Amino acid sequence: MIKRKFYLEKIVKLIDTEDIKVITGVRRCGKTVLLKQIIDELENRGIASENIIYMSFESSKYKNIRNDNDLDEFIFSKTNNLNGKIYLLFDEIQKVKNWEVSLNSYRVDLECDIYITGSNSQLLSGELATLISGRYISINMLPFSFKELIQYYDEMHENIDEIKLFEQYLSYGGFPGLLNYENEEKEKYLYDLYSTIVLNDILYKNKVKDLDLLERLMEFMISNIGQLFSANSISKYIKNENRKTTPHTIINYMDYARNAFIFYQIKRENIKQKRKLLISDKYYLVDSGFYFIFNGSTQRNWGQLLENIVFLELIRQGYSITIGKIQDLEVDFVCRKANQIKYIQVSQSILDENTRKREFKSLEKISDSYPKYVISMDSFDFSANGIIHLNIIDFLKSENF
């Protein structure tokens with residue numbers, strides 16, 4: 001198993017705390033592997049194997065457990081004669097109806113430590129989730145970062161060319177399963193994964209009636225990552241394709257895709273007035289590999305992909321993000337964490353003087369003293385006027401940005 005040290009270190013600090021540990025993320029990003037690594041950690045601490053109960057609700061082994069009553073019957077029968085603390089690990093718990101009722105009762109009736117995973121962001125937003133409100137800690141998991149890929153090859157004692165590895169990462173993304181395939185097979189893996197998410201986590205789960213409309217919307221959004229658009233603008237675009245729809249339907253379908261963790265929706269803000277703007281948002285992909293499916297090498301917008309990769313790294317590092325507007329100019333990312341604020345522009349290259357001036361201009365208009373960055377693929381340092389220029393590989397490798 002490939003260790004996800006970044007997430008495992010967070011979880012290890014929470015072992016034996018009262019809160020339920022909730023791990024969410026897109027399908028096949030590594031949640032199941034993380035649960036098994038938690039089990040390894042528990043066993044290394046001397047916890048008896050019978051006191052560790054792991055259940056994957058994607059396995060046929062537990063297909064008869066459909067609701068909280070079924071789950072209770074199973075858990076209480078397994079724990080009836082156990083001594084000491086019990087560790088409960090539930091993979092894809094959302095497949096069990098009223099699961100929150102069970103977990104809330106286990107906290108009262110058992111001396112236990114609970115870990116759950118789910119592939120839908122609405123896992124903790126239902127009415128029943130109020131039962132465990134304030135009693136859980138949520139960790140959102142992403143596919144591999146570039147830094148994790150480097151660590152993987154280091155542990156395999158393989159010499160790697162970081163520039164070539166980055167080119168691979170830029171094209172195919174970081175889903176862990178890709179490491180099992182050669183380049184020509186990676187596209188099929190990504191397409192099969194994407195189809196599974198669309199069918200299982202969006203279409204069937206939400207009882208979507210118009211698959212063709214959903215597929216058109218998804219392709220449009222994936223091909224336009226990092227672009228400003230609204231439900232109204234998408235609705236008009238699709239109508240121009242001779243398809244009938246409404247902004248309300250588009251909003252619902254976009255929400256379904258976000259709930260399945262395919263997209264992140266980012267709001268805009270007026271930097272000077274420090275207020276959110278309500279018209280048009282941007283959407284970023286959970287992994288650049290899905291962009292590869294719909295855009296061949298001659299069609300790809302490399303600037304869009306770089307922006308998406310920078311966004312994901314900022315999310316990993318715990319920043320909340322908005323898109324900045326200052327006068328008639330835009331700042332790609334306004335990043336906040338604790339009392340920190342950072343402003344970031346992303347460009348494929350700023351070798352051209354006019355491009356460099358354009359990328360620096362919006363940052364130069366910001367009057368506060370918080371750090372300002374331009375991130376690009378260039379190796380030459382163009383830092384100037386208090387604005388720091390970073391090479392994207394150096395940015396992705398940094399421990400704490």
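Sequence positions, counted from 1, serve as the residue numbers for this chain. From a predicted model like this one, the values you see are computed outputs, not experimental measurements.
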Apply side chain to side chain donor-acceptor pair (under 3.5 Å) to D368 and Y343, showing your working.
CA-CA 11 Å; D368 64 41; Y343 302 101; 2.5 Å; yes
F401 and Y373: ring-ring contact (aromatic ring centres under 6.0 Å, His included), yes or no, with the steps?
CA-CA 11 Å; F401 173 70; Y373 300 86; 4.7 Å; yes
Step by step, would you call S288 with N308 a side chain to side chain donor-acceptor pair (under 3.5 Å)?
CA-CA 7 Å; S288 59; N308 201 98; over 6 Å; no
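Side-chain contact check for N200 versus R27: some heavy-atom pair is nearer than 4.5 Å. Residues I52 and L89 meet the side-chain proximity criterion, which asks for heavy atoms closer than 4.5 Å. Proximity of V33 to K3: side-chain heavy atoms (C-beta onward) are nowhere separated by under 4.5 Å. Within the 4.5 Å cutoff, the side chain of F76 has heavy atoms near those of the D109 side chain. Taking the side chain as every heavy atom from C-beta outward, Y253 and N206 never approach each other to under 4.5 Å. Counting heavy atoms from C-beta outward, F144 and L179 have side chains that approach closer than 4.5 Å. Counting heavy atoms from C-beta on, the side chains of L142 and C29 never come closer than 4.5 Å. For the pair K147/L396, no side-chain contact is recorded, criterion being any heavy-atom separation below 4.5 Å from C-beta on.
Side chain of R356 to main chain of I350: a donor-acceptor pair is present (N/O by atom type, distance under 3.5 Å, no hydrogens or angles). The main-chain N or O of A231 is never found under 3.5 Å from a side-chain atom of S235 such that the two would form a donor-acceptor pair. Within the 3.5 Å criterion, the main-chain N or O of S280 finds no donor-acceptor partner in the side chain of K267. S398 places no side-chain N or O within 3.5 Å of a backbone atom of N400 that could act as its donor or acceptor partner. When atom types are taken as modelled, the side chain of S383 and the backbone of H389 share a donor-acceptor pair closer than 3.5 angstrom. Judged by distance alone, the side chain of N67 and the main-chain N or O of D70 form a donor-acceptor pair under 3.5 Å. Judged by distance alone, with hydrogens and angles left aside, the side-chain atoms of D287 form a donor-acceptor pair with the main-chain N or O of G174 at under 3.5 Å. In terms of modelled atom types and a separation under 3.5 Å, the side chain of Y291 and the main chain of N301 share a donor-acceptor contact. The main-chain N or O of S233 is found under 3.5 Å from a side-chain atom of S230 such that the two form a donor-acceptor pair. In this structure, K325 contributes its side chain and Q327 its backbone to a donor-acceptor pair below 3.5 Å.
Taking the centre of each ring, F175 and Y189 stay at or above the 6.0 Å mark. Here the two rings, on F229 and Y283, have centers that are under 6.0 Å apart. The distance between the ring centers of F220 and Y237 falls below 6.0 angstrom. Ring-centre distance between F263 and Y284: not below the 6.0 Å cut-off. A distance of 6.0 Å or more separates the ring centres of F292 and F290.
Ion pairing between a basic and an acidic side chain is recognised when a charged N comes within 4.0 Å of a carboxylate O; K95 and E92 show no such pairing. Ion pairing between a basic and an acidic side chain is recognised when a charged N comes within 4.0 Å of a carboxylate O; R216 and D212 show such pairing. Salt-bridge check for D19 with R135: failed, with every basic side-chain N at 4.0 Å or more from each acidic carboxylate O. Under 4.0 Å is where a charged nitrogen must lie from a carboxylate oxygen, and between K186 and E182 no such pair does. Between K282 and E330 a salt bridge is recorded (basic side-chain N to carboxylate O distance below 4.0 Å).
Side chains of T246 and T249: a donor-acceptor N/O pair is present below 3.5 angstrom, by distance only. A donor atom on one side chain and an acceptor atom on the other are not found under 3.5 Å apart for N391 and S379. In summary, the side chains of N385 and E364 do present a donor paired with an acceptor at a separation below 3.5 Å, with no hydrogens or angles considered. A donor-acceptor pair shorter than 3.5 Å can be found between the side chains of R300 and S171.
Residues satisfying the side-chain contact (heavy atoms from CB on, under 4.5 Å) criterion with K205, sequence neighbours excluded, are N120. Listed by chain and number, the residues in a side chain to side chain donor-acceptor pair (under 3.5 Å) with E41 are R45 (sequence neighbours excluded). Take D113 and apply the side chain to side chain donor-acceptor pair (under 3.5 Å) test, not counting sequence neighbours, and it matches K21, Y115. Applying the side chain to side chain donor-acceptor pair (under 3.5 Å) test to E9 and every residue at least two apart in sequence or in another chain returns nothing. D352 is linked by a salt bridge (Lys or Arg N to Asp or Glu O under 4.0 Å) to nothing, counting only residues two or more places apart in sequence or in another chain.
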Please list, one pair per line, the donor and acceptor atoms closer than 3.5 Å that link side chains of residues 149-156 to other protein atoms, with sequence neighbours excluded.
| from | atom 1 | to | atom 2 | distance (Å) |
| --- | --- | --- | --- | --- |
| E155 | OE2 | K5 | NZ | 3.0 |

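In this structure, E269 CD and I271 CD1 are separated by 6.0 Å, a value rounded to the nearest 0.5 Å. To the nearest 0.5 Å, the span separating CE on M55 from NZ on K78 amounts to 9.0 Å. The distance from the CG atom of D68 to the CD atom of E100 is 9.0 Å, given to the nearest 0.5 Å. Interatomic distance, CZ of F6 versus CD1 of I11, reported as 11.5 Å (0.5 Å rounding). Atom CG of D72 sits about 10.0 Å away from atom CD1 of I65, to the nearest 0.5 Å. With rounding to the nearest 0.5 angstrom, the CG atom of L351 is 10.0 Å from the CD atom of Q348.
Within a 6.0 Å radius of OH in Y54, more than 12 heavy atoms belonging to other residues, nucleotides or ligands are found. More than 12 heavy atoms of other residues, nucleotides or ligands shown are found within 6.0 angstrom of NZ on K85. Annotation: R243, atom CZ; neighbour count of heavy atoms from other residues, nucleotides and ligands within 6.0 Å is above 12. At most 12 heavy atoms of other shown residues, nucleotides or ligands fall within 6.0 angstrom of atom CD1 in I163. Within 6.0 Å of CD on E50 lie more than 12 heavy atoms contributed by other residues, nucleotides or ligands. For E353, the CD atom sits in a loose shell: 12 or fewer heavy atoms of surrounding residues, nucleotides or ligands are nearer than 6.0 Å. Around atom CD of Q265, more than 12 heavy atoms belonging to other residues, nucleotides or ligands sit under 6.0 Å away. Enclosure of atom CG in N183 by more than 12 non-hydrogen atoms of other residues, nucleotides or ligands within 6.0 angstrom is indicated.
Contact between Y319 and C335 at its shortest, heavy atoms only, is CD2-CB, 3.6 Å. The shortest heavy-atom contact between S347 and T355 is OG-CG2, 3.9 Å.
Under the side chain to side chain donor-acceptor pair (under 3.5 Å) test applied with S121, the options D255, N140, N259 reduce to a single match, N259. Evaluated for a side chain to side chain donor-acceptor pair (under 3.5 Å) with S119, the options E58, R28, K31 yield exactly one hit, K31.
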